[in-house]
Structure formats: C-alpha cells, structure tokens
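What follows is a set of notes on a single structure, which appears directly below.
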There are 2 protein chains.
Amino acid sequence: MARRTKEQAAETREQLLDAAERVFHAKGVSRATLDDIARDAGLTRGAVYWHFDNKTAIFTAMCDRVSLPMQAMLDAQVADPGPDPLGQLTRDGARILCLVANDSRTTRVFEIILFKTELCDVVAEVMAEEAERAARCRRQLSTVLQAAQRLGQIPAHVNCDLAAFALNSYLIGCIREWLELREFNLADQAEWLMQTFYAGLQHAPPPPAKVE
Amino acid sequence: MARRTKEQAAETREQLLDAAERVFHAKGVSRATLDDIARDAGLTRGAVYWHFDNKTAIFTAMCDRVSLPMQAMLDAQVADPGPDPLGQLTRDGARILCLVANDSRTTRVFEIILFKTELCDVVAEVMAEEAERAARCRRQLSTVLQAAQRLGQIPAHVNCDLAAFALNSYLIGCIREWLELREFNLADQAEWLMQTFYAGLQHAPPPPAKVE
DNA sequence: TTAGATACATACACGTATGTTTGTAAACAC
DNA sequence: GTGTTTACAAACATACGTGTATGTATCTAA
C-alpha cells in the first residue's frame, strides 16, 4: 500500500482507535483480535503494528482519549475550590453523569473499562497506572471536601478521606449500574442523585473510628 | 486413573471450583485455561470435562457458591420487613460489606466478577441471567424502601425505584472501590458508610421528575 | 463374579492469535 | 530525478487453547 501523508496517517490512527472501541465493546478486550480491529477499520494488522506496539498500547491510547479531558476538569476544580465547594462538587458529579449518559464515546469507553476488561497480572502496568490515577482522584476529592468542611458545609466530625472514598464509590457505582440498566434518563436524575448523597454527608453520624 | 467413590468425586468437583477461583483471580477469566485449572487442582483436563461442559459452566458454578447464600439472605429480608425496615437495611448492607471484607471466598469471587470478567456477546446467557438477578434485587430493595416510606422513615416525595437504584449503586461501588484500594478496614467503617447514605435519603430534596 | 458404568488420564486434530519478516508504492528530502 | 523513508499489506512461522476421541482402572450392582 502506498505511503500516506502525515495527516492521513494520524487519521488512520484515530480510525484504528475508533475501531478498537467498537471491537472491544462487542467482544471484550481479551477476545478482541488485532485482526478484528484492523478489519473493522478497513485495514490490516500491518497498520495496527505500525501505529501501536501491541493490544495493550491500543487500549491505553483509547482510554486516554476520554480520561485525559475528565482529569483536566477535576484538576481545574481543585486549583480553585471557589466559594461553594460542595455545590460545585454536586454540579461536577452531575456533569460527569450527564457525560456518561449523552456522549457516546464516553459511554462506550466506560462500558469497556467497567464490564469488558480483565485487570490481571498480565496487564500489571495498566493496573498500576489505574491505581495511581484513582488514588490521585481520591486525594483531590478529599482536598475539596476539606475545603467544604472549613466553610461549615460538612460537619467537623466527618472524615474527609472516608467521605471521598464514599463519594467516589457512589459515582462509579451509579455509572456502572446505569450502564447495566439503561431504564431511565440518567441526565434528568443526575442532580437529584448527587444532592441526595451530599445531604447524607451533611447529616452524617459521628464516625466510629479513624480511617488511615 | 481409577474410579473414585461418589463422595470423592464430589470433593474433586469442589477442588476444581477452588482451583478455578485461584486461576480466574490470577489470570482473568478469558486468559485462564482449562489446563491451568486442572493443573492447579492437581488433575488433568479430563477431570474438568467430566464435571463441567466448558469454562462457562465452571464460572457459573463458582459464582453460585457465593451468590446463592446472599440471595437467600435478601429473600428473608423481603419476606419480613420488620418494624424498622431502614435500620434493618442498614445492618444488612453493612453485613454484606463485612462479608466482602472478611470472608476470603466472597472477597475473591467478587474481585473476579468485578475486575476479571468480560461480559460480552459471547457469554450472553450469563449476562441475561445476571441482568435478571440484578433487576430482581432492585425490585426487592424498592419494596423494602416503600415499606420504610409508609412508616415515615423516608420522605413521601422520594422515588423508591430511584432510591433503590442509588442504594444498589452505592453498595456495588463501595465493594468495588474497596477491593481496588484495601487501605482501611471496611468492616469497621461499614456501619458509618451505610448510615450516611440513609441520612441522605431521609434528607433528600424533592425529585425533578418521575423515573419510569 | 462379572458386566457395565464411572471417573478420570492421555493423545490428537483443528482453528486461531501473535509477532515478525518481507514486499511495495507513494511521499519527501536533496 | 534519484534515493530514502514512510505507511501500510501480505505472507510466514510459531505457539497455544479447545473439543473430542480413546484408553483404563476402579467401583457398583445384579
């Protein structure tokens, strides 16, 4: 096959990632073949091996296309907590839920990550990256919650690390269960879901012990 | 190899399921080989094919060993809501979290289901079963929440179906994130986590629209 | 006591995914 | 205009998992 220009090559790379999304979603990451992906993109495995080292490289590149923008959003939130951290956190959580509900690429990639990927020793590098990313996310959430606590939006006895864990769990859980269910409009209920959780934080009972 | 007695054969079946837990956990369900499982149990694939049709059959049998007892627990809860449904639900949720934290078999199987299994078209039968089980679980939770609502434990404007979704999501999310994290004692914090969520339900804002 | 069923082990055939190597036509540098 | 590099396609070698067929030693029932 003939050589393409730089822009054309970059475009086929994107097409390969699009194809990877579809194939991973349809067959699961493990059962997806590099030939499946190439074929779906109208290419051959030669193209795949030219742009990526192996299947793992495709997977991480595909994840980065959706996770990097979301991470940037959280970074901005931490840089400037604003006058109403809890309210802002509510709106941000709802915004993420709406993104999952409405942006098809986000929907598909979240479904792949939550339902169609086996994290195991073989992909230990990816697991380590993911664990680091999740830990950073929790630290950032805890920071924002502490800011809210200083403003009196959350009782002083609440352990912000544990609350950050609960918040993160709730968000992931809602995304996961809604993706599995799909019986109601998540965007419509996103605000209520987040507000209800924060109402719980505001009326939380005193903790039994310190989490470390 | 010589024929064993019925009891001995039943025991090797259990050993194969134990081995499947270990191998699925270590390599992921897709990458796990029937030879891996047989070898781990000190047997050969002949034994595997004698007791099970294929890998999917092993997987479902392994899941049933932990999910059936838990389902029975929820059934009992629905059969008799008792005088304090919300409090009972709090204790039940905490009990499930403690089970995940302390019972090693439950821990391992939940890790397999949440992190090391790819639900895709190929295992559509398993997916359909799982969806039905989840739907039933949500219906049961909604029933109990309605009982609590009639007793005034939850505001009348709360949509119990949506609340059941949120509760289920929260539980799954907490299990998932704790399994990934493991940095604190989940059993110690289980009560607080559940009580905080129910405090949110009790102080939930009015809904924006009806979920159907 | 013996015929058949049971509980596995062993061996084979088949498909299939992977990594690599080679081929090649167009783009680009000069 | 020629040489080199790019961006793939095509072909190949290797390995591996699955299902099945077959072998076999023991248990069990009549």
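Reminder, nothing fancy here: chain letters follow the sequence lines and each chain counts from 1. Computed from heavy atoms alone, side chains included, the values below leave out hydrogens, waters and symmetry copies.
Under the rule for a salt bridge (charged side-chain N to carboxylate O under 4.0 Å, His left out), the partners of A:Glu14 that lie at least two apart in sequence or sit in another chain are A:Arg65. Here A:Asp35 pairs with A:Arg39 under the salt bridge (charged side-chain N to carboxylate O under 4.0 Å, His left out) rule; sequence neighbours left out. Remark: A:Gln140 pairs with A:Gln71, A:Leu74, A:Asp75, A:Val78, A:Arg136 by the side chain to side chain contact (heavy atoms under 4.5 Å, CB included) rule, at least two apart or across chains. Legend: residues meeting salt bridge (charged side-chain N to carboxylate O under 4.0 Å, His left out) with A:Arg138, ordered by chain and number and at least two apart, are absent. Under the salt bridge (charged side-chain N to carboxylate O under 4.0 Å, His left out) criterion, B:Asp103 pairs with no residue, sequence neighbours left out.
Centroid-to-centroid, the aromatic rings of A:Phe115 and A:Phe110 stay 6.0 Å apart or farther.
The listed nucleotides are C:dC8, C:dG19, D:dG19; the one nearest the side chain of A:Leu34 is C:dG19. Nearest to the side-chain atoms of B:Leu43 among the listed nucleotides D:dC8, C:dT18, C:dA9 stands C:dA9.
Distance NZ (B:Lys55) to P (D:dG19): 9 Å, rounded to an integer number of Å. Atom CD1 in A:Ile58 sits roughly 13 Å away from atom C1' in C:dA17 (whole-Å rounding).
Toward the 5′ end of DNA chain C lies the nearest nucleotide of B:Arg13, the other residue of the pair A:Asp35 and B:Arg13 mapping further downstream.
For the segment residues 44-52 of chain A, the set of residues with a heavy atom within less than 4.0 Å of an atom of DNA chain C comprises A:Arg45, A:Tyr49, in numerical order.
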